[in-house]
Amino acid sequence: MRFKKAAASNVDVDMTPMIDIVFQLIAFFMVITNFEQTQADERVILPKDSLAVPPQVKREHELVLNVGFIRDQQGEKVDPEPFVFYTGENTRVGVFESKLRTEAQLYKDKQINVKEVTVVIRADAEVPTGLIQELIKMSQKEGIAFEKFAIKARQSIDDGPRKGE
C-alpha cells in the first residue's frame, strides 16, 4: 500500500484569548490590591501591640504621617534624630509645623472641616514617645486645629506568658 506524503502545514495559534486572560488577571489584581499600604513607609518599623486592631470603619479623611529613622542597608540608624517622612521629604519633627499648617489649609480649601480629619501617626518603635506627643501638640495648635488622632502598630498575638516571665 502506498501512502501519499502530506504537505507540511503551518499551524498558527491564536494568541488573542491568552492576551485577554492576561489583561483580565492584571485588572483583577489591581482591584484587589490593598491601596492603604501606599501611605506606609518601609523605613518605619512599627511597634508590636496585642491591643492593635485595624479600624472597623474606614476613615473618610485621614492624614498619614510616617515618623522614623533613616537607616542603612543593614538597618542601622544613619542619623539618631527621627524624621517625618511626608510627600517625599524628610523633615525633622521640630520643624514640621509649617507643613501641618499647609495641610490644614488644603483641607479648608476643599471645604473639609479639619476637626473631621484623623491624623494617623505611624511611628517607628524606637521613636521616643515624647516626640510623638510633641507632634500631636503641634497638630492641635491654633491655625492647624486637628482633633482626631490614631497611632498605628503591628498586631501581636500573644500565646501566653513568654519564657522568663
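One is the number of the first residue; the rest follow in order along the sequence.
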Supply the atom-to-atom distance [X] [atom1] to [Y] [atom2], rounded to the nearest 0.5 angstrom.
X    : Y    : atom1 : atom2 : value
I121 : F149 : CD1   : CZ    : 6.5 Å
E134 : T129 : CD    : OG1   : 12.5 Å
L131 : I136 : CG    : CD1   : 11.0 Å
I112 : E60  : CD1   : CD    : 7.5 Å

Please report the closest heavy-atom contact between [X] and [Y], naming both atoms and the distance.
X    : Y    : value
S139 : L100 : OG-CD1, 3.5 Å
I144 : V114 : O-CG1, 3.3 Å
E62  : Y107 : O-OH, 3.3 Å
L63  : V117 : N-CG1, 4.1 Å
R71  : K77  : NH1-CG, 4.0 Å
L65  : V119 : CD1-CG1, 3.8 Å

### Worked check of side-chain contact (heavy atoms from CB on, under 4.5 Å) between F96 and L135
CA-CA 8 Å; F96 195 70; L135 186 61; 3.9 Å; yes
Using side-chain heavy atoms (C-beta onward) and a distance below 4.5 Å, is [X] in contact with [Y]?
X    : Y    : result
V127 : F69  : yes
T91  : Y86  : no
K148 : K115 : no

### Message
Considering only residues two or more places apart or on different chains, which pairs with a residue in residues 10-33 satisfy salt bridge (Lys or Arg N to Asp or Glu O under 4.0 Å)?
### Response
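Listed by first then second residue: nothing to list.
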### Message
Per the salt bridge (Lys or Arg N to Asp or Glu O under 4.0 Å) rule, what does the pair list look like for residues 92-104, sequence neighbours excluded?
### Response
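Counting only pairs at least two positions apart or across chains, the salt bridge (Lys or Arg N to Asp or Glu O under 4.0 Å) contacts touching residues 92-104 are D79-R92, E89-K99, E97-R101, E97-K141.
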### Query
Does one hydrophobic cluster hold both V95 and V93, with members joined at side-chain heavy-atom distances below 4.5 Å?
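No, because V95 and V93 fall into different hydrophobic clusters, even though each may have its own neighbours under 4.5 Å.
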